[in-house]
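Below: one structure, written as structure tokens.
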Amino acid sequence: MNLEQILQEKFGHTEFRTGQKEIIQSVLEKRNVLAVLPTGAGKTLCYHFPSRLIDGMTIVVSPLLSLMEDQVHQLRAKGDKNVLQLNGMLTFEERKHVLNEINADTMLFLSPEMLANRKLLQRLASIKNGLFVVDEAHCISQWGHEFRTDYLRLKEVIKFLGNPSCLALTATATNKVEKDIIGQLEMDDPVIHRYSVNREHIKFFVHKAETKQLKLEYLKNCLKTLEKPAIIYAPTRSDTISLSRYIESLNAGLTAYYHGGMSKEDRLLVQHQFLNNELDIICATSAFGMGINKPDIRTVIHMHLPPSAEQFVQEAGRAGRDEAESAAVIIYTDEDKYIPLSFIDLEFPEEQELKVWLRTLKQLGQNNVSLPGDGEMSKILQAEEPQWKMLKFYLEKENIISGPVINERGISEQLFNKLNRQFSYRKLEKERKFEDMESLVQGKTCIRAGILRYFDEEKEAGIEKCCSACGLSINDVFSGNKNMQENRRLPIEQNGWKEELAQMLIGPKRRTIR
DNA sequence: CGTATATGGCGTACGCCATATACGGTGCCGTACT
């Protein structure tokens with residue numbers, strides 16, 4: 001039976017989309033695969049398909065619980081009952097149940113943090129493992145080094161599971177990020193399937209404003225001209241709130257805000273309203289977007305400069321998954337850079353700080369104190385919790401910390417120098433990425449060409465007037481979408497959201513959300 | 001960099017203004033409880 005027949009019989013599709021067949025073939029040949037496929041190209045099939053043919057369990061590492069929920073739900077809805085997930089939203093009993101259920105035919109979704117659990121790993125290793133998938137694999141590079149270091153432990157996990165073949169999937173990776181992913185997963189002799197990140201129907205616009213007020217003026221213009229639904233990205237949580245108030249005052253459409261500090265319920269509610277076309281505009285921090293599968297987002301506006309071109313392409317790429325004309329706008333001022341730069345600053349300790357931290361740890365070790373919990377420890381060091389967790393990861397790597405034991409003899413001048421050098425290097429890398437983003441918008445040349453160059457691609461000849469630098473104006477977009485406008489919006493039920501929320505929380509799927 | 005809160009001097013007992021300092025983003029987790 002050939003792959004097309006299987007596709008038809010088991011998955012109900014008549015043909016593969018670009019790249020899918022090649023990727024699936026490589027996976028079936030038991031190769032380690034890195035696939036860079038643009039947003040909306042059908043990544044799920046790339047592991048769903050082989051997981052049904054491969055001998056052994058398929059493990060899928062997913063960065064967000066909401067994303068995991070969605071995918072598991074969709075796959076199960078398609079009739080695949082042996083798709084399970086394991087995460088912190090499950091009760092103890094539910095977890096036990098999942099651990100009993102899993103077998104060599106299971107597809108199991110987990111977070112990288114879950115895979116740090118030794119007992120769980122032993123249970124997983126007791127089953128034959130066929131395929132190890134890392135979804136949204138750019139997270140390894142983007143988050144793994146500092147924010148979510150469990151991403152850097154995945155290589156040990158893969159070894160522990162008996163080296164199943166590995167498939168890393170992402171929509172945005174430069175050559176450098178590709179190398180980082182391959183290196184961090186220790187993928188042996190990998191096959192790389194890379195498809196262009198170019199999305200021709202997305203038109204790019206950059207506008208530099210002199211003041212904050214003028215930024216808002218330009219935004220007002222954009223909202224008059226550009227189509228909705230739209231996402232507006234802001235740099236801080238409070239900015240998302242003030243922006244949504246501003247837009248409401250303009251009567252520019254139904255608006256809500258979204259950021260990581262909101263409760264799970266509120267986030268879920270806003271997300272659902274946006275997906276159901278009950279909102280025109282969502283003002284959000286970078287927390288919003290990953291796994292948002294809404295095909296008809298017409299406009300993405302950035303009210304600041306994202307920290308990297310990768311992040312920009314990820315966020316702007318949420319527009320126009322349906323391949324209809326869409327707009328991506330950046331409105332910025334020179335002052336914008338201080339926020340991203342201060343975030344980078346915040347992530348890494350100062351030299352003096354690092355010295356004090358190591359000294360404190362050495363003292364704890366000398367007094368045979370066993371290592372306290374993360375919250376407690378960050379208090380002792382007067383560090384932010386993410387900072388301490390990052391340091392802990394690297395100290396574990398250097399065998400300074402093992403479990404609750406602090407091997408204080410290893411804490412030396414050399415160790416300080418090594419860590420300090422490493423942190424400085426990473427900090428510089430991040431600052432460079434931001435500078436690249438700055439030069440992307442400051443240049444006088446085609447923005448699309450700049451993006452493609454950044455991703456080591458050549459711009460294909462023949463795209464005229466593709467962005468503001470090529471002379472395109474925001475009034476020129478959306479001419480091609482005329483006939484698809486009117487039937488989009490549904491009437492809004494003013495009191496519907498409470499019932500809707502109750503539905504999401506209580507039944508019929510029984511989610512556990514606190 | 002801009003904004004919000006905290007401190008400090010004044011010169012008289014509470015309120016005012018000036019200046020100093022802190023903060024800003026992304027998520028998972030057998031779990032800290034108050």
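Excluded from the calculations below are hydrogen atoms, water molecules and symmetry mates; all remaining heavy atoms, backbone and side chain alike, are included. In this text, all values refer to a predicted model and were calculated from it rather than measured experimentally. Letters go in sequence order (proteins before strands), and every chain restarts at 1.
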Those residues that, when tested against A/Glu408, pass salt bridge (charged side-chain N to carboxylate O under 4.0 Å, His left out) (two or more places apart): A/Lys362
The dot-bracket string of DNA chain B, counting Watson-Crick and G-U wobble pairs with both distances under 3.5 Å, using [ ] for crossing pairs and | for pairs to another strand, is ((((((((((....))))))))))..........
Using centres under 5.5 Å plus planes under 30 degrees as the test, is A/Trp143 stacked with B/dT26?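 Base of B/dT26: not stacked against A/Trp143.
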So, A/Arg95 side chain and A/Leu86 main chain: donor-acceptor pair closer than 3.5 Å or not? no
Let's see if you can work this out: which of [options] has an atom nearest to the side-chain heavy atoms of [X]?
X	options	answer
A/Asn87	B/dC1, B/dC29, B/dT26	B/dC29
A/Arg148	B/dT26, B/dG24, B/dC28	B/dC28
A/Phe147	B/dG30, B/dT26, B/dT3	B/dT26
A/Glu347	B/dG27, B/dG30, B/dT26	B/dT26
A/Phe92	B/dT26, B/dC1, B/dG30	B/dG30

Which of residues 422-430 of chain A have a heavy atom under 4.0 Å from DNA chain B?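 Residues of residues 422-430 of chain A that come under 4.0 Å of DNA chain B do not exist, since none gets that close.
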Could you go through A/Ser62 and A/Asp135, starting from their C-alpha distance and side-chain angles, then the distance that decides it, and tell me whether this counts as side chain to side chain donor-acceptor pair (under 3.5 Å)? CA-CA 6 Å; A/Ser62 174; A/Asp135 196 12; 5.2 Å; no
Is it true that A/Lys215 and A/Asp336 make a salt bridge, defined as a side-chain N closer than 4.0 Å to a carboxylate O? yes
Assign A/Arg267 to base, sugar-phosphate, or nothing according to its heavy-atom contacts below 4.0 angstrom with the strands shown. sugar-phosphate
Return the minimal non-hydrogen interatomic distance between A/Ala209 and A/Thr333, and the atom names on each side.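 The pair with the smallest heavy-atom distance is O-CG2, 3.2 Å.
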Syn or anti for B/dG8 (syn when the glycosidic angle lies within 90° of 0): anti
